[in-house]
Amino acid sequence: MKKRSQYANKDYTKAMLPQTRRAVFFDVMPLQWKSLLLLGVILLLFFLPLLLSILVKDIYITNVYQMLENADETQRLTSSQILLCLNILRSLVNTLFLVILGVALSGVLRVIRQYAWGENVHLPTDFPKGIKDNFSQTAAICGLAGLIYTLCLAVFYTAGSYATPFLSMLSMLPIPLSALIVLPVFAIALVMVPVYNNRLGGTLKNSFLVYIRALLKCLLGLAGCMLIWVPAMLPNFYCHILGSILAILLTPMALLAWTLFCYDLFDIHINPQVAPELIGKGTYPPTQEMAD
């Protein structure tokens, strides 16, 4: 028996195309969720050294605490100091692991850009091209992030050694500055890397300018996209491991949301002056349909 062809109730029109960046997100997700999940698996493969670092740290700390159950105060103090030094050293090693993660991230950022712009994506082609075009700046940003985190860790561990509580609080100033300025600026810069042909200094400068012009909006947007990492931050061994795996698998989807969010900001603060052809790219505004 011959199968009947099925037709849509109404023809697909230009008016059905996404007209806002938010609409682009909800247009891409149902169609490309498998590809985004595949990108998450690729990121997970490059995240394995960091995951192993987390695993070793948790196991080592657990074993040390078990050994110190019957130890005296001097032994506990000495062991605590050794743990702090080892954690700072581990953070420095993690900086190299972040650069390794930057290899995959540079490829993912190009694919996310293509989806955000509504352009064709061929993973075997676009992913390697993203690594070739974006790795130098992406790796530099990841490396800088790792070094700054190590600095903040060292500052936190040494804050108690100052003579007064005021000096201790003052010494920890780099920590909130890193969380409220460096992190958002780096996150915006990552979105800029595959879009504009700038050196790293220019990318960070433009990212900072966008950030200070939409500070609260950027902080809220970034916080929303980073919610996927909350389970991994809970003080539990299984949360650290399983939460990190889940978060890295979902990172391409969060990156798509963050990229589209940043593109709206670029349309306001950057593109009118330097790249008017990028304004609204990937969307089909109603005004354009009227002009046609």
Side-chain angles (χ1 to χ4, degrees), residues 8 11-49 98-142 187-200 203 225 228 245-267 270-271 274-285 288:
D11 293 334
Y12 194 86
T13 64
K14 292 180 180 179
M16 296 179 183
L17 294 171
Q19 299 177 1
T20 64
R21 307 271 188 207
R22 184 191 297 267
V24 171
F25 178 82
F26 291 106
D27 186 60
V28 171
M29 281 298 297
L31 298 174
Q32 305 298 343
W33 67 270
K34 290 182 181 178
S35 296
L36 292 170
L37 194 56
L38 176 59
L39 291 175
V41 172
I42 295 172
L43 282 174
L44 178 59
L45 293 176
F46 284 81
F47 185 75
L48 286 178
L98 279 171
V99 173
I100 293 173
L101 179 63
V103 176
L105 186 59
S106 58
V108 169
L109 285 171
R110 174 182 169 83
V111 176
I112 295 296
R113 184 200 73 179
Q114 297 298 95
Y115 284 139
W117 282 352
E119 296 186 350
N120 292 329
V121 173
H122 183 243
L123 281 179
T125 302
D126 285 302
F127 187 81
K129 183 168 175 52
I131 295 175
K132 179 183 176 183
D133 294 344
N134 306 329
F135 173 68
S136 59
Q137 290 199 30
T138 304
I141 292 170
C142 289
I188 296 170
L190 285 175
V191 177
M192 285 186 176
V193 169
V195 177
Y196 306 103
N197 188 23
N198 293 324
R199 294 180 181 274
L200 179 61
T203 299
C225 292
I228 57 174
I245 292 173
L246 178 63
I248 205 72
L249 288 174
L250 296 178
T251 290
M253 300 175 190
L255 265 179
L256 175 63
W258 176 245
T259 295
L260 291 165
F261 172 83
C262 288
Y263 282 1
D264 273 339
L265 297 180
F266 299 167
D267 283 351
I270 294 181
N271 292 338
V274 301
E277 70 278 4
L278 296 181
I279 296 176
K281 187 167 183 177
T283 65
Y284 190 87
Q288 184 176 341

Please round to the nearest 0.5 Å and tell me the distance separating atom [atom1] of [X] and atom [atom2] of [Y].
{"X": "Ile279", "Y": "Ile270", "atom1": "CD1", "atom2": "CD1", "value": "11.5 Å"}
{"X": "Phe127", "Y": "Leu109", "atom1": "CZ", "atom2": "CG", "value": "10.0 Å"}
{"X": "Ile188", "Y": "Ile141", "atom1": "CD1", "atom2": "CD1", "value": "11.0 Å"}
{"X": "Ile245", "Y": "Phe47", "atom1": "CD1", "atom2": "CZ", "value": "8.5 Å"}
{"X": "Met192", "Y": "Gln137", "atom1": "CE", "atom2": "CD", "value": "11.0 Å"}

Could I get the full list of side-chain contact (heavy atoms from CB on, under 4.5 Å) partners for [X], not counting sequence neighbours?
{"X": "Val103", "answer": "Phe46, Ile131, Phe135"}
{"X": "Ala23", "answer": "Pro18, Thr20"}
{"X": "Ala140", "answer": "Leu200"}

Partners meeting side chain to side chain donor-acceptor pair (under 3.5 Å) with [X] (sequence neighbours left out):
{"X": "Ser106", "result": "none"}
{"X": "Asp126", "result": "Arg110"}
{"X": "Lys132", "result": "none"}
{"X": "Thr125", "result": "His122"}

Can you give the donor-acceptor pairs under 3.5 Å from side chains of residues 29-45 to other protein atoms, not counting sequence neighbours?
| unit_1 | atom_1 | unit_2 | atom_2 | d |
| --- | --- | --- | --- | --- |
| Gln32 | OE1 | Tyr115 | OH | 3.3 |

**OP:** State, yes or no, whether a side-chain contact exists between Val24 and Thr283 at a heavy-atom distance under 4.5 Å.
**Re:**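 The answer is yes; the side chains approach within 4.5 Å.
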
Under 3.5 Å donor-acceptor pairs involving side-chain atoms of residues 247-256, not counting sequence neighbours:
| unit_1 | atom_1 | unit_2 | atom_2 | d |
| --- | --- | --- | --- | --- |
| Thr251 | OG1 | Ala247 | O | 2.8 |

Subject >> Pairing residues for Phe261 by the ring pair (Phe, Tyr, Trp, His ring centres under 6.0 Å) criterion, not counting sequence neighbours >> reply: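 For Phe261 the ring pair (Phe, Tyr, Trp, His ring centres under 6.0 Å) partners, ignoring immediate neighbours, are Trp258.
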
Subject >> Listed once per pair and sorted, the salt bridge (charged side-chain N to carboxylate O under 4.0 Å, His left out) pairs that draw on residues 251-267, sequence neighbours left out >> reply: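 For residues 251-267: Arg21-Asp264, Arg21-Asp267.
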
Original post:
Step by step, would you call Asn271 with Tyr263 a side-chain contact (heavy atoms from CB on, under 4.5 Å)?
Top reply: CA-CA 9 Å; Asn271 292 338; Tyr263 282 1; over 6 Å; no

**OP:** Any chance you could lay out the side-chain contact (heavy atoms from CB on, under 4.5 Å) test for Cys142 and Leu101, step after step, and finish with the verdict?
**Re:** CA-CA 8 Å; Cys142 289; Leu101 179 63; 5.8 Å; no

